[in-house]
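Chain A is the first sequence line, chain B the second, and so forth, proteins listed ahead of strands; every chain is numbered from 1.
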Amino acid sequence: MKDVNERYRNFFQDVYEVVRQVPPGRVTTYGAIAHYLGSRQGARTVGWAMQAAHTLRGDEFVPCHRVINRLGQLTGKQFFGSPTAMQQALEAEGIVVQDDQVQNFPQLFWDPSAELQP
DNA sequence: GGGCTGACATTGA
DNA sequence: TTCAATGCCAGCC
């Protein structure tokens, strides 16, 4: 609370933290992360954080392939270098992806606000 | 220094 | 019911 301004600065950091907490075989959405951060409509910024995240690596690695839109579509697959890399990554974890769309999405959905408590 | 864009989501009509 | 407009933050021109 002392630094409300810093909270925004940690927005990316917080996004990475949440995405890293996503267990294998599960997926989350931009809105869920944004809601967890306190900004429902900030989902757009979360997507921007993902773009910056895919440039990171090593300790800062973020499983962006587990982050998709609420429609279950692999919107950012094109940023993985290969249009199927994201799908391959998800399938490797047991997630069924068909036509760039995650099957049983509601079942695989992982809500940080519900699973992860602040 | 100011304005636009971007891997989305929610609300209103 | 569906379509359109709005809101958010950070990076880039």
In whole angstrom, what separates [X]'s [atom1] from [N]'s [atom2]?
{"X": "A:Leu37", "N": "C:dA10", "atom1": "CG", "atom2": "P", "answer": "11 Å"}
{"X": "A:Phe11", "N": "B:dA7", "atom1": "CZ", "atom2": "C1'", "answer": "14 Å"}
{"X": "A:Arg40", "N": "C:dC9", "atom1": "CZ", "atom2": "P", "answer": "13 Å"}
{"X": "A:His54", "N": "B:dA7", "atom1": "NE2", "atom2": "P", "answer": "10 Å"}
{"X": "A:Tyr16", "N": "C:dA10", "atom1": "OH", "atom2": "P", "answer": "11 Å"}

Side chain to side chain contact (heavy atoms under 4.5 Å, CB included) against [X], all qualifying residues, sequence neighbours excluded:
{"X": "A:Gln41", "result": "none"}
{"X": "A:Gln78", "result": "none"}
{"X": "A:Phe79", "result": "A:Gln51, A:His54"}

Residue list, salt bridge (Lys or Arg N to Asp or Glu O under 4.0 Å) with [X], at least two apart or on another chain:
{"X": "A:Glu93", "result": "A:Arg66"}
{"X": "A:Asp100", "result": "A:Lys77"}
{"X": "A:Glu60", "result": "A:Arg20"}

Nearest non-hydrogen partners of A:Gln87 and A:Val97, listed with the distance: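 Shortest heavy-atom contact: NE2-O, 3.3 Å.
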Which atoms of nucleotides 1-6 of chain B (N or O only) lie under 3.5 Å from a protein N or O atom, and what are those distances?
| residue | atom | partner | partner atom | Å |
| --- | --- | --- | --- | --- |
| B:dG6 | N7 | A:Arg44 | NH2 | 2.5 |

Nucleotide nearest A:Met50 (side chain, heavy atoms from C-beta), chosen from B:dA7, B:dA9, C:dC9: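 Of B:dA7, B:dA9, C:dC9, B:dA7 is nearest to the side chain of A:Met50.
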For DNA chain B, the residues among residues 88-110 of chain A that have a non-hydrogen atom under 4.0 Å from it: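 None, since no heavy atom is under 4.0 Å.
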Contact residues, residues 61-76 of chain A to DNA chain B [heavy atom, < 4.0 Å]: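 Here the set is A:Cys64, A:Asn69, A:Arg70, A:Thr75, A:Gly76.
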Contacts of A:Tyr16 that satisfy ring pair (Phe, Tyr, Trp, His ring centres under 6.0 Å) - sequence neighbours left out: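 A:Tyr16 satisfies ring pair (Phe, Tyr, Trp, His ring centres under 6.0 Å) with no residue once adjacent residues are dropped.
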Donor-acceptor pairs under 3.5 Å, side chain of residues 22-34 of chain A to any protein atom, not counting sequence neighbours: which ones?
| residue | atom | partner | partner atom | Å |
| --- | --- | --- | --- | --- |
| A:Arg26 | NH1 | A:Gln107 | O | 2.9 |
| A:Thr28 | OG1 | A:Trp110 | O | 3.0 |
| A:Thr29 | OG1 | A:Ala32 | N | 3.1 |

Flag side-chain contact, heavy atom, 4.5 Å: A:Met86 against A:Ile68: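 SC-SC contact between A:Met86 and A:Ile68 confirmed.
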For A:Val96, the rest of its hydrophobic cluster, which grows through side-chain links under 4.5 angstrom: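 Hydrophobic cluster check, A:Val96: no partners found.
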Gap in Å between the two P atoms, one belonging to C:dC3 and one to B:dA7, rounded: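 Approximately 22 Å lies between the P atom of C:dC3 and that of B:dA7.
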Touch class at under 4.0 angstrom, heavy-atom based, for A:His35 against every strand present: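 The residue A:His35 makes no contact with any strand.
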